[in-house]
Protein chains: 2
Amino acid sequence: MDAILDATARVLVRDGYAALTTNAVAVAAGVSIGSLYQYFPNKEALVLALRERHVRHMSALMMREAAFWDAAEQGVPLEALITRTIHVAMVAHRLEPALHKVLALEAAHLEARHEEDGTEGVLRALLERYSRGPDAEVTVPDLDVATFVVGRMAHALIHAAVLDPPPGADPHTLERETVRAVMAYLTA
Amino acid sequence: MDAILDATARVLVRDGYAALTTNAVAVAAGVSIGSLYQYFPNKEALVLALRERHVRHMSALMMREAAFWDAAEQGVPLEALITRTIHVAMVAHRLEPALHKVLALEAAHLEARHEEDGTEGVLRALLERYSRGPDAEVTVPDLDVATFVVGRMAHALIHAAVLDPPPGADPHTLERETVRAVMAYLTA
DNA sequence: CGTAAACATGAGTAAAAGCTCGCATCATAG
DNA sequence: CTATGATGCGAGCTTTTACTCATGTTTACG
């Protein structure tokens, strides 16, 4: 079953979504189509399962690295938190970048909508903490809008930096500038 | 010929890319499949032609509104320019938002890459102007990186604001915050 | 009016691909 | 060893769909 998902990922990356056939997956996995259909009711379920597994892997990696989010309680400067968060997100996106790119670009109609991955909730809570009190670092007028803007901004920049960087660009520079962009917006 | 492209757009928006068949397009256009194939060699060319026409329409609308770009020569403040540019871009994206969304999401593998649409060149030139002289407003360290970051950031926020806004959000607010984000990054 | 070129038609073709189903093989238990 | 259930197999069925082509219709023009 995991072997079938692995094969699906390989075919997707090698040939693209348009050329993804259940027979090709079965061959790549070294099993028969019959067996494939014993585990997945149809092609869509196959790709969906792969996507879910991939999201799970990325989430697991992020959560392992990101226990530090609790530190928000203890006066950690906003910039340190943003820096670390964006770094972790970039590392997670580098897990299987080719697969991630195909899923995001060619299987977008099956891709989970941006809102339902729980990210916005966490982000919103963070912004709320840092916008309270006399020495609040976050100075945006509307927290809901800010959550939306930062979410989209960071997501786009992380994707661009990891999956589609300009030729000859230093990854570290792109990461630093992503942090700068988010920080500048939040504390302008 | 234009009627066929119109029909393609209608079917794309109504049924999505997966359900786009040449026969369905012919029916929607009120012509026979034979006629369709007299104008377009194959299905891909059909969608490509539609995309090109759509990009042309958007570009035309932007260029009409954006003669003001020459004003960069004459000491117009950066913020005014950014505000106007982002406004124009948003208006252009509202031309055929549903079609634009489908093309961007479901036909992404045919979609022109972000780099080849000429936007980056214009943006780069603008940033260069505003980062020169003693009263330079743009204070980023690397112009190439800044072009990349601003391009992706603005593109993502415009798409999000026009095609996928959060429920109950005010379009004007989203536009203002997009300007704020770009300005904050450039002048941080 | 005649001719020819351009355009329109839609039933039909052929290939692709998702999926089924009857049969074989294997694992476990008694 | 035998029985039974679970799992694996892959030829082929069926549907879908991009595309063709022989024929009909309109247009252009002398």
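Labels below follow one simple rule: chain letters A, B, ... track the order of the sequence lines, proteins then strands, and each chain is numbered from 1.
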Of the candidates C:dC19, D:dA18, D:dC9, the side chain of B:Lys43 sits closest to D:dA18

Assess whether atom CD of A:Glu128 is packed by more than 12 heavy atoms of other residues, nucleotides or ligands within 6.0 Å. yes

Euclidean distance, atom CG of residue B:Leu36 to atom C1' of D:dT20 [Å, nearest integer]: 13 Å

Quick check: are there more than 12 heavy atoms from other residues, nucleotides or ligands sitting under 6.0 Å from NE2 of A:His172? no

Do B:Glu137 side-chain atoms and B:Leu78 backbone N/O form a donor-acceptor pair below 3.5 Å? yes

Could you check how far CE of B:Met1 sits from P of C:dA8, rounded to whole Å? 12 Å

Length of the line joining A:Asp15:CG and C:dA17:C1', which is rounded to integer Å: 15 Å

DNA chain D nearest-nucleotide lookup for A:Gln38 and B:Tyr37: closer to the 5′ end is A:Gln38

Rounded to whole Å, please give me the gap between CD1 in A:Ile4 and P in D:dT7. 13 Å

Send over the distance from A:Asn23 CG to D:dA11 C1', rounded to a whole Å. 11 Å

Given the options B:Asp2, B:Thr8, B:Leu48, B:Arg53 meets side-chain contact (heavy atoms from CB on, under 4.5 Å) only with B:Asp2

Residue B:Ser32, side-chain atoms from C-beta onward, closest of D:dA18, C:dT9, D:dT20: C:dT9

Nearest to the side chain of A:Tyr39, which nucleotide is it out of C:dC19, D:dG8, D:dA18? D:dG8

Nearest to the side chain of B:Thr22 - D:dC19, C:dC19, C:dT9? D:dC19

Using heavy atoms to find the nearest nucleotide of DNA chain C for A:Leu20 and A:Gly34 separately, return the residue whose nucleotide is more 5′. A:Leu20

Where the side chain of B:Asn42 is defined as all heavy atoms beyond and including C-beta, which of D:dC19, C:dT20, D:dG8 is the nearest nucleotide? D:dC19

Scan A:Leu46 against the nucleic acid and name what it touches under 4.0 Å (heavy atoms): base, sugar-phosphate only, or nothing. nothing

Of all the choices, C:dA11, D:dA18, D:dG8, which nucleotide is nearest to the side chain of B:Ile33 once you look at every atom? C:dA11

Face-on cation placement of A:Lys43 at A:Tyr17 ring, 6.0 Å and 45° thresholds: yes

Using the side-chain heavy atoms of B:Thr21, tell me which of these nucleotides is nearest: C:dT20, D:dT17, C:dC7. D:dT17

